[in-house]
2 protein chains.
Amino acid sequence: MTEQPEPAARRRDAAATRLALLDAAEKLFAERGFDRTTVRDIAKLAGANQSLLFRYFGSKEALFEAVIARSGREQLAATPPERLFSTSLRSMLEPGRQNRALETYLRSSGSDGVAAAIRQEVGREYAEVLATLTDAPDAELRADLALAWLMGIALVREVTGKEPLAGADPEDICRLVLTGIKTLLERSE
Amino acid sequence: MTEQPEPAARRRDAAATRLALLDAAEKLFAERGFDRTTVRDIAKLAGANQSLLFRYFGSKEALFEAVIARSGREQLAATPPERLFSTSLRSMLEPGRQNRALETYLRSSGSDGVAAAIRQEVGREYAEVLATLTDAPDAELRADLALAWLMGIALVREVTGKEPLAGADPEDICRLVLTGIKTLLERSE
DNA sequence: CCAGTTTGTAAGCAGCTGCTTACAACGCTA
DNA sequence: TAGCGTTGTAAGCAGCTGCTTACAAACTGG
């Protein structure tokens with residue numbers, strides 16, 4: 001545990017370099033989306049040479065895949081189903097949150113290829129869990145609609161920045177949305 | 001000598017060329033988003049030289065602005081407030097719809113600059129109308145949340161293509177969403 | 001201590017990007 | 001018909017993109 005702040009802290013450490021690239025990529029993909037993030041920017045932010053990015057990940061798309069795979073499912077695995085929606089909502093609303101998967105997802109909506117498949121995959125896992133919350137025959141559809149609301153709120157807040165939603169108190173948003181979701185999931189008409 | 005019936009219908013028609021560029025741009029921006037659409041592709045689809053694009057619109061961003069300005073507000077102006085949500089929802093759900101503003105909006109979420117300002121503007125106008133539907137003190141916030149749901153559904157259907165929502169019957173979706181929206185807008189606790 | 005592998009660096013490649021310039025073809029009008 | 005502004009075309013520019021190559025520096029096992 002000797003972390004000395006040396007001038008060149010790590011000089012030869014493939015694992016640390018790989019991690020630095022992952023962190024930098026996660027940050028930039030979330031902020032700018034896939035298309036507008038360049039491999040040069042990622043490497044620069046990570047303090048690494050850009051050719052290492054290709055050595056460790058193969059391609060920009062593969063790096064994107066690695067980022068999503070790392071960050072997308074932590075919260076999902078750690079949250080009981082009946083609280084997944086409100087937990088995701090709250091964590092999405094908090095200003096200093098660490099889960100950037102949704103933001104990355106949204107800002108990369110225009111991209112195709114591997115990125116699209118991954119986006120579908122993450123969404124599918126969320127919806128599967130949400131679908132267990134209702135016994136309606138169209139549970140999956142209702143779950144998708146709940147997920148869509150989550151993503152729409154994130155889109156308007158984070159990407160569009162529209163007021164008053166963007167600056168609203170998370171608790172107010174939760175209260176309003178959860179009543180609507182309750183109706184959506186409980187009604188079995 | 002020069003008695004050939006013109007093979008290309010319009011040989012010199014600035015207005016028609018401008019329109020062709022607008023149509024082509026609208027189609028491609030909706031399908032690929034701002035970043036992944038190139039001026040060369042737009043010009044090619046329009047059957048025009050790409051330098052004309054810059055002569056008539058000045059820049060790629062200005063062309064984007066022109067596309068949004070043309071297509072974004074027709075439905076808004078033609079729909080009474082109390083039906084705006086369901087009308088927008090239905091028109092968004094119909095397979096052969098012509099309003100591509102929302103799709104363009106979503107696929108260009110990553111872009112900054114003028115595009116961002118326009119996206120905010122269109123959203124603001126929708127939300128203003130929706131806000132008249134409830135007399136709750138936080139009417140604007142509730143309207144934003146309704147708008148966010150609309151956009152989230154469009155995102156999941158059009159961009160992500162997630163099942164079962166992407167392939168669901170529009171009437172089923174309307175019924176489910178409208179009950180949730182009703183709760184959202186009517187509750188004054 | 002030296003061969004061989006791993007890690008890091010610098011340079012460059014081919015292709016694409018938005019945009020500009022120079023110029024030719026057209027058609028109106030005087 | 002001559003002049004001139006408008007419309008269309010072809011070529012090219014500078015900069016950026018993802019990715020590759022050639023090579024040097026550091027570490028490791030023998």
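The model shown is predicted, which means the values in this text are computed figures rather than measured ones. Lettering follows sequence order; numbering is per chain, from 1.
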Item to check | Side chains of B/Phe57 and B/Val39 in contact at under 4.5 Å (non-hydrogen atoms) | outcome: no

Checklist entry - For the side chain of A/Thr37 and the backbone of A/Leu28, is there at least one donor-acceptor N/O pair under 3.5 Å apart? => result yes

Checklist entry - So, A/Arg40 side chain and A/Gln50 main chain: donor-acceptor pair closer than 3.5 Å or not? => result no

Next on the checklist: By nearest atom, which of the nucleotides D/dA10, C/dG18, D/dC19 is closest to the A/Phe54 side chain?
Outcome noted: D/dC19

Next on the checklist: If you only use heavy atoms from C-beta on, which nucleotide in C/dG18, C/dT9, D/dT9 is closest to the side chain of B/Lys60?
Outcome noted: C/dG18

Checklist entry - Hey, does B/Ser51 reach any base, or is it just sugar-phosphate, or nothing, if we go heavy atoms under 4.0 Å? => result base

Next on the checklist: Keeping B/Ser108 on the side-chain end and B/Phe34 on the backbone end, is there a donor-acceptor pair under 3.5 Å?
Outcome noted: yes

Item to check | Between P of C/dT17 and CG of B/Leu28, the distance in whole Å | outcome: 12 Å

Checklist entry - Rounded to the Å, how far apart are B/Phe57 CZ and C/dT20 P? => result 15 Å

Next on the checklist: Under the salt bridge (Lys or Arg N to Asp or Glu O under 4.0 Å) definition, can you give me all pairs with a residue in residues 144-155 of chain B, not counting sequence neighbours?
Outcome noted: A/Lys162-B/Asp144

Checklist entry - Which word best sums up how the rings of B/Phe64 and B/Phe29 line up, parallel for under 30°, tilted for 30 to 60°, or perpendicular for over 60°? => result perpendicular

Checklist entry - For the pair made of CG in B/Asn49 and P in D/dT7, what is the distance, rounded to whole Å? => result 15 Å

Item to check | Spacing of B/Asp35 atom CG relative to C/dG18 atom C1', expressed in whole Å | outcome: 12 Å

Can you name the atoms? Protein N/O to nucleotides 12-16 of chain C N/O, anything below 3.5 Å, with the distance.
none

Tabulate atom names and distances for all N/O pairs under 3.5 angstrom spanning the protein and nucleotides 3-7 of chain C.
{"unit_1": "C/dT6", "atom_1": "O2", "unit_2": "A/Arg12", "atom_2": "NH1", "d": "3.3"}
{"unit_1": "C/dT6", "atom_1": "O2", "unit_2": "A/Arg12", "atom_2": "NH2", "d": "2.3"}
{"unit_1": "C/dT7", "atom_1": "O4'", "unit_2": "A/Arg12", "atom_2": "NH1", "d": "3.3"}
{"unit_1": "C/dT7", "atom_1": "O4'", "unit_2": "A/Arg12", "atom_2": "NH2", "d": "3.0"}
{"unit_1": "C/dT7", "atom_1": "O2", "unit_2": "A/Arg12", "atom_2": "NH1", "d": "3.1"}

Checklist entry - Which residues satisfy the salt bridge (Lys or Arg N to Asp or Glu O under 4.0 Å) test with B/Lys60, sequence neighbours excluded? => result none

Checklist entry - Atom CG of B/Leu53 to atom P of D/dT9: distance rounded to whole Å? => result 14 Å

Checklist outcome for this item: Which of B/Arg107, B/Arg32, B/Arg36 passes salt bridge (charged side-chain N to carboxylate O under 4.0 Å, His left out) with A/Asp35? Answer is B/Arg36

Between N or O atoms, less than 3.5 Å apart, protein on one side and nucleotides 28-30 of chain D on the other: list the pairs.
none

Checklist outcome for this item: In this structure, CZ of A/Arg18 is separated from CG of A/Leu53 (nearest 0.5 Å) by 10.5 Å

Checklist outcome for this item: B/Phe64 atom CZ is separated from C/dT17 atom C1', nearest whole Å, by 18 Å

Checklist entry - Does A/Lys44 pair with A/Asp41 as a salt bridge, N-O distance under 4.0 Å? => result no

Item to check | Summary of ring pair (Phe, Tyr, Trp, His ring centres under 6.0 Å) pairs that have at least one residue in residues 157-179 of chain A, sequence neighbours excluded | outcome: none

